[in-house]
Amino acid sequence: IDHVPNKFAGIETLFLSNNFLTSLEGVAQFLNLRVLSAANNSIAYFVDLDPLSYLPNLAILNLEYNPVTQLPNYRYHVLRRAPSLRNLDNKEVTKSEWQNCEYML
């Protein structure tokens, strides 16, 4: 994700679906982000999701139709990187997922 002018840095919603992205690198410039849709891209590895850890307000994330979603314990890996999430891939994050997150990884 390319650097954008500072006037856009405060956005709270960002749609990046269908862009052939292989990583979320560069998303950290949007510190106020609450909603991120990056569905139907080419994100394949957990390390490509590491920039999520720089988004303290991220509540809703959609990564559907990325190869990474097929990896074992995918939801737990995302939750580790984005502890403020309430909804992942159009599914509410449950209390039991949060509780199990520490033990699954």
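Residues take their numbers from the sequence shown, with the count starting at 1. The model shown is predicted, which means the values in this text are computed figures rather than measured ones. Because only heavy atoms are used, hydrogens play no part in the values below, and waters and symmetry mates are left out as well, while side chains stay in.
- Expressed to the nearest 0.5 Å, how far CH2 of W98 lies from CZ of R75 amounts to 9.5 Å.
- Closest non-hydrogen pair, P51 versus D48, comes out as CD-O, 3.7 Å.
- When the shell of 6.0 Å around CZ of F46 is examined, it contains more than 12 heavy atoms from other residues, nucleotides or ligands.
- By the 4.5 Å heavy-atom criterion applied to side chains, E97 and E92 are not counted as neighbours.
- Between Y54 and P56, the closest heavy-atom pair is O-CD, 3.2 Å.
- Between I1 and L24, the shortest heavy-atom distance links the atoms CD1-O, 4.0 Å.
- Contact check for Y74 versus L88: side-chain heavy atoms found under the 4.5 Å cut-off.
- Atom CZ in R81 sits 4.5 Å away from atom CG in D50 (nearest 0.5 Å).
- Residue V4 is grouped with residue L33 when hydrophobic side chains (ILVMFWY) are merged at heavy-atom distances under 4.5 angstrom, including chains of intermediate members.
- Remark: N32 CG to T13 OG1 distance equals 11.0 Å, nearest 0.5 Å.
- Between N19 and N41, the side chains place no donor N or O within less than 3.5 Å of an acceptor N or O (distance only, hydrogens not considered).
- Taking CG from N62 and OG1 from T69, the interatomic distance works out to 10.0 Å, rounded to the nearest 0.5 Å.
- L49 and Y65 fall into different hydrophobic clusters, where Ile, Leu, Val, Met, Phe, Trp and Tyr residues are linked whenever their side-chain heavy atoms come under 4.5 Å apart, directly or through other members.
- Remark: side-chain polar atoms of Q99 are not paired, donor with acceptor, to backbone N or O of T94 under 3.5 angstrom.
- Remark: side-chain polar atoms of D89 are paired, donor with acceptor, to backbone N or O of L63 under 3.5 angstrom.
- Nearest heavy-atom pair across P72 and H77 is O-CD2, 3.9 Å.
- In this structure, the separation between CG on L21 and CG on L16 is 5.5 Å, given to the nearest 0.5 Å.
- Across every non-hydrogen atom of S42 and N66, the tightest pair is N-OD1, 3.3 Å.
- Atom CG of residue N87 and atom CD1 of residue I60 lie 5.5 Å apart, to the nearest 0.5 angstrom.
- When the side chains of ILVMFWY residues are joined at heavy-atom separations under 4.5 Å, either directly or via intervening members, F15 and L61 end up in two distinct hydrophobic clusters.
- The backbone N or O of P67 lies less than 3.5 Å from no partner atom in the side chain of Q70, so there is not a single donor-acceptor pair.
- For S17 (side chain) and A39 (main-chain N/O), a donor-acceptor pair under 3.5 Å exists by modelled atom type.
- Looking at every heavy atom in both residues, L31 comes nearest to N57 through O-ND2, 3.5 Å.
- With a 4.5 Å cut-off on side-chain heavy atoms, L36 and L52 count as touching.
- When the side chains of ILVMFWY residues are joined at heavy-atom separations under 4.5 Å, either directly or via intervening members, Y45 and V27 end up in two distinct hydrophobic clusters.
- No donor-acceptor pair closer than 3.5 Å links the side chain of S84 to the backbone N or O of A59.
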